[in-house]
Peer 1: 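Below is one structure. I have some questions about it.
Scope of the values below: all heavy atoms of this structure, side chains included, with no hydrogens, waters or symmetry mates. Chain letters run A, B, ... following the sequence lines, proteins first, then strands; residues in each count from 1.
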Amino acid sequence: MTTTADIHEPTFLAGDEFSIPTFRLLQQDGTLHEGAKAPELDQEQALAIYRAMVATRVLDERMLAAQRQGRLSFYMQCTGEEAAVIGATAALDDADMIMAQYREQGALIYRGFTFDEFMNQLFGNELDYGKGRQMPIHYGSRKLHYMTISSPLATQIPQATGYAYGQKLAGDGQCTTVFFGEGAASEGDFHAALNMAAVHEVPVIFFCRNNGYAISTPSIEQFAADGVAPRAFGYRMHVIRVDGNDILAVYAATREARRIAVEHNQPVLIEAMSYRLAAHSSSDDPSGYRSKKEEEAWREKDPILRMQRWLGDLGWWSDDEEKALQESLRREVLETMKRAEKRPPPPLDSLVTDVYADVTPELQRQLDALKRHIRQYPEAYPKGARALDPDVQADATAAKGEK
Amino acid sequence: MTTTADIHEPTFLAGDEFSIPTFRLLQQDGTLHEGAKAPELDQEQALAIYRAMVATRVLDERMLAAQRQGRLSFYMQCTGEEAAVIGATAALDDADMIMAQYREQGALIYRGFTFDEFMNQLFGNELDYGKGRQMPIHYGSRKLHYMTISSPLATQIPQATGYAYGQKLAGDGQCTTVFFGEGAASEGDFHAALNMAAVHEVPVIFFCRNNGYAISTPSIEQFAADGVAPRAFGYRMHVIRVDGNDILAVYAATREARRIAVEHNQPVLIEAMSYRLAAHSSSDDPSGYRSKKEEEAWREKDPILRMQRWLGDLGWWSDDEEKALQESLRREVLETMKRAEKRPPPPLDSLVTDVYADVTPELQRQLDALKRHIRQYPEAYPKGARALDPDVQADATAAKGEK
Amino acid sequence: MPTMNMLQAINNALDIAMGEDDKVLCFGEDVGSFGGVFRATSHLQEKYGRARCFNTPLVEQGIIGFANGLAAQGSVPVAEIQFADYIFPAFDQIVNETAKFRYRSGDLFNVGGLTIRAPYGGGISGGLYHSQSPEAYFAHTPGLKIVVPRDPYQAKGLLLAAIRDPDPVLFFEPKRLYRAAVGEVPEEDYQLPIGEAEVTKEGSDVTLVGWGAQMEVIERAVELAEKDGISCEVIDLRSLLPWDQETVAESVLKTGRLVITHEAPRTGGFAGEIAAAIQERCFLYLESPIARVTGLDTPFPLTLEKEYLPDHLKIVEAIRESVNF
Amino acid sequence: MPTMNMLQAINNALDIAMGEDDKVLCFGEDVGSFGGVFRATSHLQEKYGRARCFNTPLVEQGIIGFANGLAAQGSVPVAEIQFADYIFPAFDQIVNETAKFRYRSGDLFNVGGLTIRAPYGGGISGGLYHSQSPEAYFAHTPGLKIVVPRDPYQAKGLLLAAIRDPDPVLFFEPKRLYRAAVGEVPEEDYQLPIGEAEVTKEGSDVTLVGWGAQMEVIERAVELAEKDGISCEVIDLRSLLPWDQETVAESVLKTGRLVITHEAPRTGGFAGEIAAAIQERCFLYLESPIARVTGLDTPFPLTLEKEYLPDHLKIVEAIRESVNF
Ligand SMILES: Cc1ncc(C[n+]2csc(CCOP(=O)(O)OP(=O)(O)O)c2C)c(N)n1
Ligand SMILES: Cc1ncc(C[n+]2csc(CCOP(=O)(O)OP(=O)(O)O)c2C)c(N)n1
Ligand SMILES: [Mg+2]
Ligand SMILES: [Mg+2]
């Protein structure tokens with residue numbers, strides 16, 4: 001359906017016809033912007049949000065350190081983007097589906113994924129829901145409605161459209177929120193997902209974390225446009241740009257987006273402007289592609305500190321509480337890490353299960369051959385031997401005893 | 001680079017902030033819209049454009065008839081979209097690259113592809129540049145800077161971005177124009193192409209033929225937005241919507257787009273609003289998915305008639321000339337068709353050449369085995385036998401004699 | 001029993017599946033009110049509504065991405081790719097996502113409900129891009145199942161099984177037979193097993209293995225060979241993943257000879273896998289090399305299509321060579 | 001002669017190619033000022049400018065589409081896909097476009113200038129999506145060439161040959177060896193032939209065939225086997241498409257035994273093609289079944305990666321079985 005106005009001069013538009021403002025409520029000093037109104041958020045929920053943000057920060061710091069010590073092969077931090085991820089999650093219904101990219105562990109923490117659950121995945125042990133098959137940080141939880149992370153970028157975006165279409169047909173009033181980076185938004189799957197969602201009127205929230213970088217690539221080399229937000233116009237979709245370090249604005253925007261999605265079966269695009277304060281991953285060193293000064297400028301905008309000040313002003317949170325929380329979180333992270341490290345690997349059969357609903361004859365043959373081989377060379381495959389035969393190593397048995 | 005304006009209410013934009021008008025110059029009665037100014041176009045070029053439009057129409061009518069008679073396996077018509085395709089082509093430099101979808105035979109006609117060249121491709125004979133490998137209508141011409149058509153939709157769009165990037169580096173002042181349908185614009189390759197073109201400042205014109213349908217799918221089920229044009233805002237790209245049945249407007253818009261592309265190394269998106277008057281292809285019957293009334297309404301907007309009236313008013317074209325042109329074109333089409341039909345198939349070796357620059361040992365073995373087999377059963381492979389051995393059939397030799 | 005062509009059998013299977021289970025959805029390009037360019041989904045929108053049978057925008061990666069999400073949510077999507085030649089934009093969604101969904105999540109999530117239908121194969125003057133047989137590209141992908149029916153009866157029974165299978169299934173339909181293959185098809189619901197080959201003819205001198213449209217070609221070749229006094233055993237593989245090694249091996253242990261045929265190019269085609277596995281299992285019983293009769297190692301041509309295709313004459317020659325080795 | 005690791009050898013080859021020919025361009029995700037996540041393109045932007053070495057947006061289908069267009073225009077693009085696991089969104093551009101460009105146009109247009117580089121393979125704790133070996137997916141595609149180097153010397157010579165080859169080349173780099181493989185590499189320009197295998201060790205009892213990172217694993221297995229008194233002939237295939245059947249067949253005619261190994265899953269892997277072709281050519285000379293030592297028919301795992309991989313112990317067992325058959 002196209003507009004009918006006519007012109008008789010060849011006038012080209014270039015997007016200067018509109019501009020996309022940024023929605024902000026909270027200033028860095030913890031006070032509201034002039035004219036801003038905080039969303040309804042009672043003390044309990046505000047503190048739940050805040051605790052999840054701090055827990056995410058602490059988990060990230062400790063696990064990066066563990067990676068540096070060689071205890072963990074790989075890690076990715078959410079640092080700097082906690083408000084975006086957790087603010088959005090808090091605005092959803094807990095039974096709404098979340099399909100994340102990989103930097104959204106805060107969403108899981110907010111929904112109650114335990115440190116034990118995190119650690120089991122990070123160490124790929126026998127209790128990992130993913131059975132030690134994926135790299136660290138590829139969490140998933142069925143009971144928390146959090147789709148298992150997949151490394152290929154943007155594939156989850158059209159999947160979210162499909163998932164939400166299923167929710168619409170089911171009529172249970174749920175929607176799906178899909179997180180992705182401004183880099184991933186360059187993939188063809190992004191275009192497919194947004195267009196299909198608009199055409200089929202799907203209750204899905206496309207939440208873009210625009211954190212300025214895709215590994216080393218600055219967003220200016222990712223797109224020439226004013227961010228990701230104006231793409232919504234190409235699909236006829238509601239869109240808002242929000243200060244991603246402003247917990248109140250993210251919460252309010254997402255709550256309203258969810259209303260549009262669920263009440264009107266309309267997709268919504270949210271672009272949260274933030275910054276990846278840490279390296280891309282534990283394999284990356286950003287000093288090769290950006291300045292300390294730039295990082296410092298963003299460190300001043302720390303979303304956690306901002307919320308802490310707001311809570312403090314309300315009298316909902318004190319320095320003592322802060323100290324106690326930090327300490328208990330650190331202790332808990334270390335304890336759960338130690339437990340998870342010691343747990344045995346997943347059983348050898350887990351190599352061939354879940355490829356199909358049932359193990360095929362060929363896979364059974366391959367597993368049987370592998371077992372014979374490992375029995376021949378047990379010392380060459382310590383994990384396999386241990387997983388094959390729980391008696392092989394005493395500490396394996398010990399670890400199992402803890403269950 | 002994002003705008004800095006702030007808001008403190010969660011206000012969603014939905015694209016109502018702007019509207020995209022349609023650029024029109026010529027009315028259906030052949031007069032200009034009030035206030036409209038015709039582009040500079042001398043009689044010679046105007047007639048060259050007009051003749052190409054008529055030739056396209058005649059070729060399409062005859063070849064569809066030939067398909068209906070069983071002389072041809074498949075055909076696709078440009079009918080209704082001649083002004084869009086030929087108007088754009090006429091505004092380019094003849095050495096600019098054109099990468100078309102499949103419905104742009106008018107561009108080739110305008111550039112001087114002969115009916116013989118068309119027919120050789122349509123009948124896949126030994127003179128077909130494509131050596132009888134592709135279905136009818138997959139034309140290509142190196143000397144006319146017209147990339148050989150490829151059936152997978154939208155693949156040519158990012159290729160055009162790459163081709164034009166090469167032209168920019170070569171610095172020869174050429175650009176690339178890529179044609180595609182509003183259906184093909186849903187493919188992921190579209191998104192990739194436009195974004196990369198904007199980021200890398202590439203002299204490419206994205207010419208979307210919005211003809212209302214992708215086979216049976218109406219554009220309303222293809223996208224929810226106001227056409228394809230507003231997508232340009234997502235990439236920061238110049239864009240114009242033009243009446244695709246208005247030869248003058250298409251020409252003027254494309255000429256200006258070319259100027260932007262070549263002088264500023266900026267990509268441009270043109271959306272030409274038109275209608276596919278014929279069936280999707282000779283395999284299709286549109287009566288299953290659209291009304292005769294709708295078709296009739298668009299038949300009233302015939303772009304050829306519109307230009308004819310304009311030319312007539314200028315005194316550049318008469319009914320007699322029209323009649324003579326139509327007759328000579330029909331005759332020429334029939335004659336060239338007869339010639340092409342009789343020509344022998346491409347040689348048997350063409351089965352394995354051009355897979356690589358040189359035939360590999362394995363392919364040579366496969367060809368040798370095939371030759372032995374065909375010699376054993378020549379009557380089962382009449383074309384292969386003939387192609388293998390030019391003496392097998394007398395008329396093959398005769399046809400060869402015509403060369 | 002009613003007589004149906006393959007399209008009718010497929011349409012009938014979809015109708016039964018949608019009628020029985022609200023969660024079954026059919027979609028793809030032109031699949032909605034038009035019923036698909038081959039009309040495999042005719043009348044389904046009329047019958048089950050636009051929410052369950054609909055057109056998608058023209059974007060294969062989106063169709064399969066959407067279908068993966070739907071399947072993960074618990075729906076039972078049957079996605080159509082208009083031609084198998086156009087499945088490649090969805091390759092990442094199929095190979096990296098569909099195939100690995102259950103494994104990577106430890107079965108927290110799976111897309112077992114998904115079926116992808118696509119017409120494949122040559123013989124219809126389709127040239128490079130309306131003729132391909134891409135099954136081998138997918139057969140290297142653990143987590144997928146691949147099924148190819150040879151006639152209307154098989155098409156209906158296998159498609160119903162595919163839709164209800166707990167794993168994602170690629171269902172490649174031999175479009176050359178869509179209207180050409182006609183046969184008796186029961187009106188009622190029935191399923192044929194996935195993962196099991198079928199011995200369609202018993203014999204003692206040589207084993208022929210194929211699938212889909214090649215089965216009809218094999219039949220013609222076998223007629224010629226039997227005139228020469230060669231007794232042929234014919235196996236329709238039906239499923240390429242998982243494929244029924246037992247049935248093929250058992251047959252080759254008996255005949256000592258194997259000829260495999262497919263339309264796709266030879267190098268990297270699925271006949272290679274079968275040959276490799278069977279020479280391993282039947283080494284001491286083989287009386288001649290396992291032969292492959294396939295398309296050439298080139299893109300699919302047009303004018304010389306007949307020459308390119310592995311027809312009955314090429315197959316019968318391979319049978320003779322195998323027997324006279 | 002200087003000593004280089006494989007990344008340095010690749011960087012050096014790119015530097016020579018760009019220095020010699022203005023038409024050579026390098027691009028991909030993070031390839032520009034950062035020099036790629038593995039640093040294979042380090043300093044190239046500094047040296048040759050942003051127009052010739054640059055970051056692309058994050059879109060593999062676009063990278064290869066763009067590269068196809070550039071190559072058709074006459075440029076010589078060297079496109080990097082960050083991990084071979086992420087090549088699949090570009091599958092359509094590679095399989096339907098790159099591979100068929102010359103053929104479909106009757107050589108009016110071709111993309112022979114194109115080279116696609118991608119790190120592949122396991123052994124780096126990469127799990128499902130940083131470990132795949134997708135070569136067989138492409139080896140079923142006439143029109144492509146596929147090259148896999150085993151060490152720094154080979155990497156430089158083969159990459160230079162690939163860039164200058166008149167056909168499009170997929171160049172899969174064994175990332176496990178990027179820094180681990182170190183060797184002497186001439187400073188100057190040289191090329192190694194595409195389409196020719198190399199016999200890296202002569203022997204008489206059994207032929208071992210592999211490529212890329214598996215060559216090092218084969219070496220370790222062969223050491224063990226030779227201690228048992230088994231004389232091994234080792235062949236590095238180097239090119240998978242076209243592959244050097246003559247060299248392999250000649251060797252097997254001599255040894256009568258063949259063991260093939262790759263990391264990718266067994267079913268549909270390229271070892272199947274080699275086995276099928278060689279049993280056909282060497283039927284009467286084979287003394288035991290051709291053996292395949294491969295990854296399991298599963299996605300690539302993490303914790304049990306060692307168990308999954310076709311290591312030297314699995315290969316030596318296959319050698320023993322083959323010899324003792
Ligand atoms: C299809 C695909 N291509 C490339 C990669 C490698 N890769 C992993 S993360 C990443 C950058 C993503 O950037 P962005 O989407 O902005 O997310 P951020 O890391 O900033 O949160 C890249 C290129 C991948 N995982 N998948
Ligand atoms: C990748 C791909 N998917 C599907 C098709 C089948 N197909 C051919 S033309 C067409 C419709 C194209 O519509 P549009 O782009 O609007 O162009 P029009 O025919 O209207 O000119 C379809 C679906 C194809 N050729 N390639
Ligand atoms: Mg980012
Ligand atoms: Mg159209």
Peer 1: Taking every heavy-atom pair that is under 4.5 Å apart, which of A:Ala192, A:Gly188, A:Ala252 has the most such pairs with chain B?
Peer 2: A:Gly188
Peer 1: Check each atom of A:Ala232 against the heavy atoms of chain B and say whether the ones under 4.5 Å are side chain, backbone, both or neither.
Peer 2: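 No part of A:Ala232 comes within 4.5 Å of chain B.
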Peer 1: Aromatic rings B:Phe12 and A:His238: how do their planes relate, parallel, tilted or perpendicular, breaks at 30° and 60°?
Peer 2: perpendicular
Peer 1: Which atoms form the tightest heavy-atom contact between A:Gly234 and B:Ala225, and what is the distance?
Peer 2: O-CB, 3.2 Å
Peer 1: Working to the nearest 0.5 angstrom, can you tell me the gap between B:Ile20 CD1 and A:Thr11 OG1?
Peer 2: 12.5 Å
Peer 1: Taking all atoms of both residues into account, what is the closest heavy-atom pair of B:Phe233 and A:Pro230, and its distance?
Peer 2: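 So the minimum-distance heavy-atom pair works out to O-CB, 3.7 Å.
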Peer 1: Could you give the distance from CG (B:Leu194) to CZ (A:Arg231), rounded to the nearest 0.5 Å?
Peer 2: 11.0 Å
Peer 1: Under 4.5 Å, counting heavy-atom pairs only, tell me which of A:Leu269, A:Ile260, A:Val268, A:Val199 racks up the most with chain B.
Peer 2: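 Maximum pair count with chain B is reached by A:Val199.
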Peer 1: Name the region of A:Asp16, side chain, backbone, both or neither, that has any atom closer than 4.5 Å to a heavy atom of chain B.
Peer 2: side chain
Peer 1: Work out which heavy atom in A:Pro10 is nearest to a heavy atom in B:Ala253; give both atom names and the distance.
Peer 2: CB-CA, 4.4 Å
Peer 1: Under 4.5 Å from any heavy atom of chain B, what part of A:Leu32 do you find: side chain, backbone, both or neither?
Peer 2: neither
Peer 1: Please report whether the ring centroid of A:His191 lies less than 6.0 Å from that of B:Phe190.
Peer 2: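 They qualify: ring centres under 6.0 Å apart.
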Peer 1: Looking only at non-hydrogen atoms, find the nearest pair between A:Pro21 and B:Leu13 and report the distance.
Peer 2: CD-CD1, 4.4 Å
Peer 1: Working to the nearest 0.5 angstrom, can you tell me the gap between A:His8 NE2 and B:Leu25 CG?
Peer 2: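 Rounded to the nearest 0.5 Å, the NE2-CG separation comes to 8.0 Å.
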Peer 1: Output the distance between atom CG (A:Asp243) and atom CG (B:Asp6), rounded to the nearest 0.5 Å.
Peer 2: 8.0 Å
Peer 1: Heavy-atom distances under 4.5 Å only: say whether B:Ala257 touches chain A with side chain, backbone, both or neither.
Peer 2: both
Peer 1: In terms of heavy-atom proximity below 4.5 Å to chain B, should A:Ala185 be classed as side chain, backbone, both, or neither?
Peer 2: backbone
Peer 1: Provide the closest heavy-atom pair for B:Ala224 versus A:Asn195 in the form atom of the first, atom of the second, distance.
Peer 2: N-OD1, 4.5 Å
Peer 1: Quick one: what part of A:Gln222 sits under 4.5 Å from any heavy atom of chain B, side chain, backbone, both or neither?
Peer 2: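 Backbone of A:Gln222 only, per the 4.5 Å heavy-atom cut-off to chain B.
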Peer 1: In this structure, are over 12 heavy atoms from other groups packed under 6.0 Å from A:Glu9 atom CD?
Peer 2: no
Peer 1: For the residue pair B:Phe18 and A:Phe18, is the inter-centroid distance of their aromatic rings smaller than 6.0 Å?
Peer 2: yes
Peer 1: Can you tell me which portion of A:Val242 sits under 4.5 Å from chain B's heavy atoms? Options are side chain, backbone, both or neither.
Peer 2: neither
Peer 1: Please classify the contact of B:Glu201 with chain A as side chain, backbone, both or neither, using a heavy-atom distance under 4.5 Å.
Peer 2: neither
